[in-house]
Amino acid sequence: MKAVRFFGTNDVRIVNDLEKPSPKGDEVLLKIGGAGVCHSDLHIIDEGIVSGVTFTLGHENAGWIEEIGDDVKGFKKGDAVLVYGPWGCGHCKPCQHSNENYCDHQSEMAYGGGLGLNGGMAEYMLVPSSRLLVPIHDLDPVVAAPLTDAALTPYSAIKRSLPKLMPDEYVVVIGVGGLGHVALQILSEMCSSAIIACDITQERLDFAKKLGAAHVVNSMDKDAAEQIRNITGIKKAKVVIDFVGASSTIDLGTKIVGLDGDLTIVGLGGGKYEYNMNVLPFGVSMTNPYWGSRIELMEVIGLALQKKIKIEIQKFKLDEAVEVYDKLRKGQIKGRAVLVP
């Protein structure tokens with residue numbers, strides 16, 4: 001079996017001689033249709049945030065059931081499914097609420113397949129429990145694979161702020177990349193607030209307009225905050241969602257979020273913020289959500305089935321994985337790259 005394996009910091013290799021797994025109990029073996037390439041992978045590969053283990057990369061996975069263990073119920077060979085990404089213990093209170101992304105035992109476990117355990121950048125993937133599978137019906141697994149993160153993560157971040165996204169308010173999206181371009185589509189479908197998009201290239205700003213942004217601002221402009229405040233007026237933005245997470249974008253967010261607003265930092269850009277009560281408006285909630293729940297993934301699939309969201313993808317072969325990661329580092333991937341075995 002061929003797979004894209006992580007051996008250590010800056011050491012990713014294509015391996016061709018792995019043994020095809022066999023499921024037992026509640027395990028399920030998938031024939032992978034597509035595996036999304038996420039910027040989070042670069043934190044593993046370049047920064048060594050997962051160390052001491054060798055595993056197959058890929059945490060955005062979809063395919064067809066190839067074989068099931070004896071205890072699996074409700075699935076059969078040939079079913080098209082997504083793999084829910086964050087794997088919890090399955091037993092604690094958050095997991096029982098389908099919030100495995102906030103499992104009580106997260107600090108004691110690997111985060112999931114492709115994040116310390118074997119993921120889906122391979123011809124086959126062994127999923128440890130059928131509870132981690134979500135049917136995708138007639139969606140193409142190659143196109144659907146990034147829904148597990150590139151759509152689920154922004155959907156969950158937006159959903160928590162929906163009560164504040166009224167028609168007379170503004171929402172700002174910072175970063176129109178793999179997650180941000182999906183967030184714009186979700187916002188366009190689920191709220192009536194005016195959308196302001198920020199990025200650093202004209203190409204991405206033009207892309208944002210096509211996806212529903214009413215206004216666009218280059219976040220590299222020295223007066224970017226002033227430009228946004230000229231749009232929103234004195235009340236500023238009710239919700240700001242930062243898909244970059246660098247110090248500069250966090251700083252921008254603090255300048256444009258309004259009283260009792262939400263400043264949601266999704267991006268893993270390593271930014272820092274020094275709290276100052278004279279800068280951050282009163283009532284602002286600053287949060288850093290992680291992924292989303294299994295139930296929310298089902299809701300995301302509903303949006304995709306209704307053709308209300310579409311992830312821009314570029315297809316590549318497994319053998320091209322190292323080159324694809326290099327393109328991702330250089331910002332040369334539009335939307336989401338998907339590896340297809």
Side-chain angles (χ1 to χ4, degrees), residues 30 32-40 58-64 74-75 79-88 94-95 97-103 111-115 119-120 125 127 130-163 165 171 173 175-191 195 211-212 239 241 243 264 266-267 287 289-313 335-338:
L30 290 191
I32 291 295
V37 183
C38 179
H39 201 277
S40 299
H59 60 269
E60 294 184 341
N61 307 304
W64 302 270
F75 292 101
D79 285 349
V81 295
L82 287 181
V83 182
Y84 176 64
W87 298 353
C95 285
H97 282 283
S98 99
N99 294 311
E100 299 201 28
N101 47 323
Y102 299 125
C103 174
Y111 289 112
L115 299 167
M125 176 183 183
V127 181
S130 62
R131 79 172 190 280
L132 301 170
L133 302 179
V134 181
I136 58 174
H137 310 289
D138 60 354
L139 291 177
D140 178 358
V142 176
V143 176
L147 293 174
T148 59
D149 186 357
L152 175 57
T153 296
Y155 178 82
S156 184
I158 290 166
K159 188 177 175 182
R160 63 171 56 203
S161 292
L162 275 180
L165 293 174
V171 54
V173 171
V176 189
L179 275 67
H181 90 281
V182 186
L184 291 171
Q185 298 173 62
I186 295 171
L187 286 166
S188 296
E189 290 293 339
M190 296 185 64
C191 81
I195 304 169
L211 296 175
V239 176
I241 308 177
F243 290 102
T264 304
V266 179
T287 59
Y290 175 64
W291 230 322
S293 70
R294 280 184 287 123
I295 288 175
E296 288 171 332
L297 181 55
M298 296 174 189
E299 294 166 356
V300 164
I301 292 170
L303 285 173
L305 286 168
Q306 295 179 54
K307 303 187 185 306
K308 292 184 175 179
I309 56 172
K310 178 185 177 183
I311 298 180
E312 189 90 5
I313 68 167
R336 209 57 152 186
V338 176

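Computed from a predicted model, the values in this text were never measured in an experiment.
Across all their heavy atoms, A144 and L139 have their closest contact at CB-CB, 4.3 Å. Heavy atoms only, all atoms of each residue included: G74 and D79 are closest at O-OD2, 4.4 Å. Considering every non-hydrogen atom in both S188 and L211, the closest pair reads OG-O, 3.2 Å. Considering all non-hydrogen atoms of both residues, G33 and W64 come closest at CA-CZ3, 3.5 Å. Counting all heavy atoms, side chain and backbone alike, I136 lies closest to L305 at O-CD2, 4.0 Å. For the residue pair G36 and A145, the shortest heavy atom distance occurs at N-CB, 4.3 Å.
Here the side chains of L179 and V266 are in contact, with some heavy-atom distance below 4.5 Å. Side chains of I186 and V300 form no contact here, defined as non-hydrogen atoms less than 4.5 Å apart. M298 places none of its side-chain heavy atoms less than 4.5 Å from the side chain of P135.
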With side chain to side chain contact (heavy atoms under 4.5 Å, CB included) as the criterion, how do V134 and T148 come out once you've worked through the C-alpha distance, each side chain's angles and the decisive distance to 0.1 Å?
CA-CA 10 Å; V134 181; T148 59; over 6 Å; no
For side chain to side chain contact (heavy atoms under 4.5 Å, CB included), just list the numbers for L115 and W87, CA-CA rounded to whole Å, side-chain angles, deciding distance to a tenth of an Å, and then say yes or no.
CA-CA 10 Å; L115 299 167; W87 298 353; over 6 Å; no
Evaluate side chain to side chain contact (heavy atoms under 4.5 Å, CB included) for L147 paired with L303, printing each intermediate quantity in order.
CA-CA 10 Å; L147 293 174; L303 285 173; over 6 Å; no
Using side chain to side chain contact (heavy atoms under 4.5 Å, CB included), reason through V182 and R336 one step at a time and then give a plain yes or no.
CA-CA 10 Å; V182 186; R336 209 57 152 186; over 6 Å; no
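We find the CE-CG distance between M125 and N61 to be 4.5 Å, quoted to the nearest 0.5 Å. Between atom CD1 of residue I309 and atom CD1 of residue I301 there is a gap of 9.5 Å, rounded to the nearest 0.5 Å. I158 CD1 to I241 CD1: the interatomic distance, rounded to the nearest 0.5 Å, is 4.5 Å.
Remark: side-chain polar atoms of Y111 are not paired, donor with acceptor, to backbone N or O of N101 under 3.5 angstrom. Within the 3.5 Å criterion, the main-chain N or O of A150 finds a donor-acceptor partner in the side chain of E60. Between the Q185 side chain and the H181 main chain, a donor and an acceptor come within less than 3.5 Å of each other. A donor-acceptor contact shorter than 3.5 Å is absent between the side chain of T264 and the backbone of V239. When atom types are taken as modelled, the side chain of Y102 and the backbone of Y290 share a donor-acceptor pair closer than 3.5 angstrom.
By the side-chain hydrogen bond (donor to acceptor under 3.5 Å, both in side chains) test, T153 is found to be paired with D149, residues two or more places apart in sequence or in another chain being considered. Annotation: side-chain contact (heavy atoms from CB on, under 4.5 Å) contacts of A337 (sequence neighbours excluded): V37, F316, V324, I333. Listed by chain and number, the residues in a side-chain hydrogen bond (donor to acceptor under 3.5 Å, both in side chains) with E299 are Y155, K159 (sequence neighbours excluded). Qualifying ring-ring contact (aromatic ring centres under 6.0 Å, His included) partners for W291, counting only residues two or more places apart in sequence or in other chains: H59. By the side-chain hydrogen bond (donor to acceptor under 3.5 Å, both in side chains) test, R294 is found to be paired with E100, residues two or more places apart in sequence or in another chain being considered.
The side-chain hydrogen bond (donor to acceptor under 3.5 Å, both in side chains) pairs that include a residue from residues 135-146 number zero, where partners must be two or more places apart or lie in different chains.
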